[in-house]
Amino acid sequence: MSQHPELPFAAAIEVIKSLLPETLQKPRVGIVCGSGLGGIVDCIRDVVLVPYKMIPGFAESTVPGHKSSLAFGLMGPGDGVPVVAMLGRFHPYEGHHMRTVVYPVRIMAKLGVTEVIITNAAGGLNPKLSVGTIVVIHDHLALPNMTGMNPLLGPLTSPRHQRFIPLSDAYSPSLRRLVFLAAHHLSLDPSALAEGTYAWVSGPTYETPAEGRFLRLAGADVVGMSTVPEVLAAREEGLNVMALSLVTNAVVIPDGYRSIREEVLAELAGKRVELPVADVVSHEEVLEIGKAKGEVMMKLVEWVVGSIPCNI
Ligand SMILES: O=P(O)(O)O[C@H]1O[C@H](CO)[C@@H](O)[C@H]1O
């Protein structure tokens, strides 16, 4: 396995701190924004933007719907909680090394973050999840992790880190509880918020129908091309993790394949058939749903941030 040059943690922290007032230098909560979900910056007060290009070791996000800046500021009622939001993330399919993908989460930990809220846009595998539903992730299924692409492969980035990280409780039950309480306080329809398992795939291709069915049969409810690397690094750093998916499209055709054989036979017999046709997903559609439904996600995140107890 190829070694990656050491990442410049100390230089990055120095640059970031030099650009912030003292009140924002030690954020408590880190937020990672998914595709089209960077609007969360509107919930942050006294915002200071730090462009990635100014931070040693940071890459640029090349995916539409992802901005290349960290947003520092205050969120929630009263004095507010100091937060840092990553307005765009790095995905391995962009060509970023896995260590670069998780570098911002490690920087958040070094700045003092103790809780990280990770958001994403995802395809729905569970037919009960309609487009626009927000899923509180309670587990994940990561084929890359099981086949030699685990983001934590390689030398430890700190001697403080454990070599073997348990993932049985990777997604904090206390934070997950808070999201459901948030939904109640915000008077959301109970069907707007579900819980489920996220399948991580490398992308950048979307799933074939067979791959979608495979992941569904394996127990996943939603599928996406991010989040899991960040979760692993966050757990290695000792952070409490919450992750939310916004379902932007359906992956699995509920009634199975459109059968061309059936269609032709029916036509030859003079009958009309209406067979299910797969939805052809596009990133534009993903961003559109993010725009239309992202506000609910932002309100939930804002409420949770404002309600995180001192010792979780
Ligand atoms: O996971 P986020 O960054 O929200 O983005 C999701 O949207 C993109 C595909 O449309 C993929 O990058 C997928 O992972």
Side-chain angles (χ1 to χ4, degrees), residues 29-45 47 49 61-76 81 83-91 104 115-126 129-137 171 175-176 178-196 198 203 206 221-227 230-231 241-251 279 281-307:
V29 180
I31 301 164
V32 181
C33 301
S35 288
L37 299 169
I40 203 126
V41 69
D42 295 340
C43 303
I44 304 178
R45 302 191 295 282
V47 178
L49 291 180
S61 185
T62 64
V63 181
H66 290 260
K67 293 198 181 108
S68 288
S69 284
L70 291 180
F72 288 83
L74 302 168
M75 190 181 267
V81 176
V83 298
V84 50
M86 204 184 161
L87 301 184
R89 61 154 53 95
F90 309 134
H91 305 83
E115 274 78 36
V116 69
I117 299 178
I118 301 175
T119 67
N120 63 58
L125 298 167
N126 182 336
L129 297 172
S130 50
V131 167
T133 306
I134 292 173
V135 179
V136 182
I137 299 176
Y171 300 88
L175 290 175
R176 277 152 47 202
L178 275 186
V179 197
F180 287 98
L181 290 174
H184 172 74
H185 282 273
L186 295 168
S187 308
L188 292 191
D189 186 298
S191 67
L193 196 62
E195 52 191 345
Y198 179 90
Y206 292 110
D221 298 289
V222 287
V223 54
M225 308 170 195
S226 69
T227 300
E230 294 146 4
V231 171
V241 173
M242 181 180 114
L244 301 175
S245 289
L246 172 65
V247 178
T248 53
N249 56 286
V251 177
D279 180 26
V281 61
S282 70
H283 189 59
E284 288 69 35
E285 179 192 346
V286 167
L287 294 181
E288 216 170 277
I289 300 294
K291 210 169 176 187
K293 305 281 184 181
E295 207 183 319
V296 180
M297 176 88 94
M298 288 157 209
K299 288 207 156 84
L300 287 170
V301 171
E302 188 180 27
W303 197 94
V304 168
V305 169
S307 311

Trace of the side-chain contact (heavy atoms from CB on, under 4.5 Å) decision for E230 with F90: CA-CA 10 Å; E230 294 146 4; F90 309 134; over 6 Å; no

Specify the closest pair of heavy atoms between V305 and V81, including all atoms of both residues, with the distance to one decimal. O-CG2, 3.5 Å

Atom of I44, atom of A85 and distance for their closest heavy-atom approach: CD1-CB, 4.0 Å

Is a side-chain N or O of H283 found less than 3.5 angstrom from the main chain of P64, in a donor-acceptor match? yes

Using side-chain contact (heavy atoms from CB on, under 4.5 Å), reason through Y198 and I118 one step at a time and then give a plain yes or no. CA-CA 12 Å; Y198 179 90; I118 301 175; over 6 Å; no

Is it the case that the side chain of T248 and the backbone of A122 share a donor-acceptor pair, with hydrogens and angles ignored and the cut-off at 3.5 Å? yes

Do N120 and S226 pair up side chain to side chain, a donor and an acceptor below 3.5 Å, judged on atom types alone? no

After noting the C-alpha distance and the side-chain angles of S35 and H66, does the key distance pass the side-chain contact (heavy atoms from CB on, under 4.5 Å) rule? CA-CA 6 Å; S35 288; H66 290 260; 2.8 Å; yes

Considering all heavy atoms of both residues, which atom of T133 and which atom of S191 are nearest to each other, and what is their separation? CG2-O, 3.8 Å

Residues two or more places apart in sequence or in another chain: which of them pass side chain to side chain donor-acceptor pair (under 3.5 Å) with T119? none

Atom pair CE/CD1 of M242 and I137 - distance to nearest 0.5 Å: 10.0 Å

d(E115 CD, I31 CD1) to nearest 0.5 Å is 11.5 Å

d(S307 OG, L175 CG) to nearest 0.5 Å is 11.0 Å

Heavy-atom closest contact (I40 atom, C33 atom, distance): CG2-SG, 3.4 Å

Heavy atoms, side chains only, cut-off 4.5 Å: are M298 and D42 in contact? no

Smallest separation among heavy atoms of S245 and V222, with atom names: OG-CG2, 3.8 Å

Just jot down the salt bridge (Lys or Arg N to Asp or Glu O under 4.0 Å) partners of K293, sequence neighbours excluded, or say none. none

Should V231 and Y171 count as side-chain neighbours, where that means a heavy-atom distance under 4.5 Å? yes

Check whether any side-chain heavy atom of M75 lies under 4.5 Å from a side-chain heavy atom of V29, and answer yes or no. no

Any chance NE2 of H184 has more than 12 other-residue heavy atoms, nucleotides or ligands included, within less than 6.0 Å? no

V281 side chain reached by V286 side chain, heavy atoms, under 4.5 Å: yes

Holding to side chain to side chain contact (heavy atoms under 4.5 Å, CB included), I want the full list of residues that pass it with A182, two or more places apart in sequence or in another chain. L300, W303, V304

Value rounded to 0.5 Å, distance of OG1 in T227 from NE2 in H91: 7.5 Å

Minimum heavy-atom distance A194-L129, with the two atoms named: CB-CD2, 3.6 Å

Taking it one step at a time, do L125 and D221 satisfy side-chain contact (heavy atoms from CB on, under 4.5 Å)? CA-CA 5 Å; L125 298 167; D221 298 289; 5.7 Å; no

Donor-acceptor pair, S61 side chain versus R89 backbone, under 3.5 Å? yes

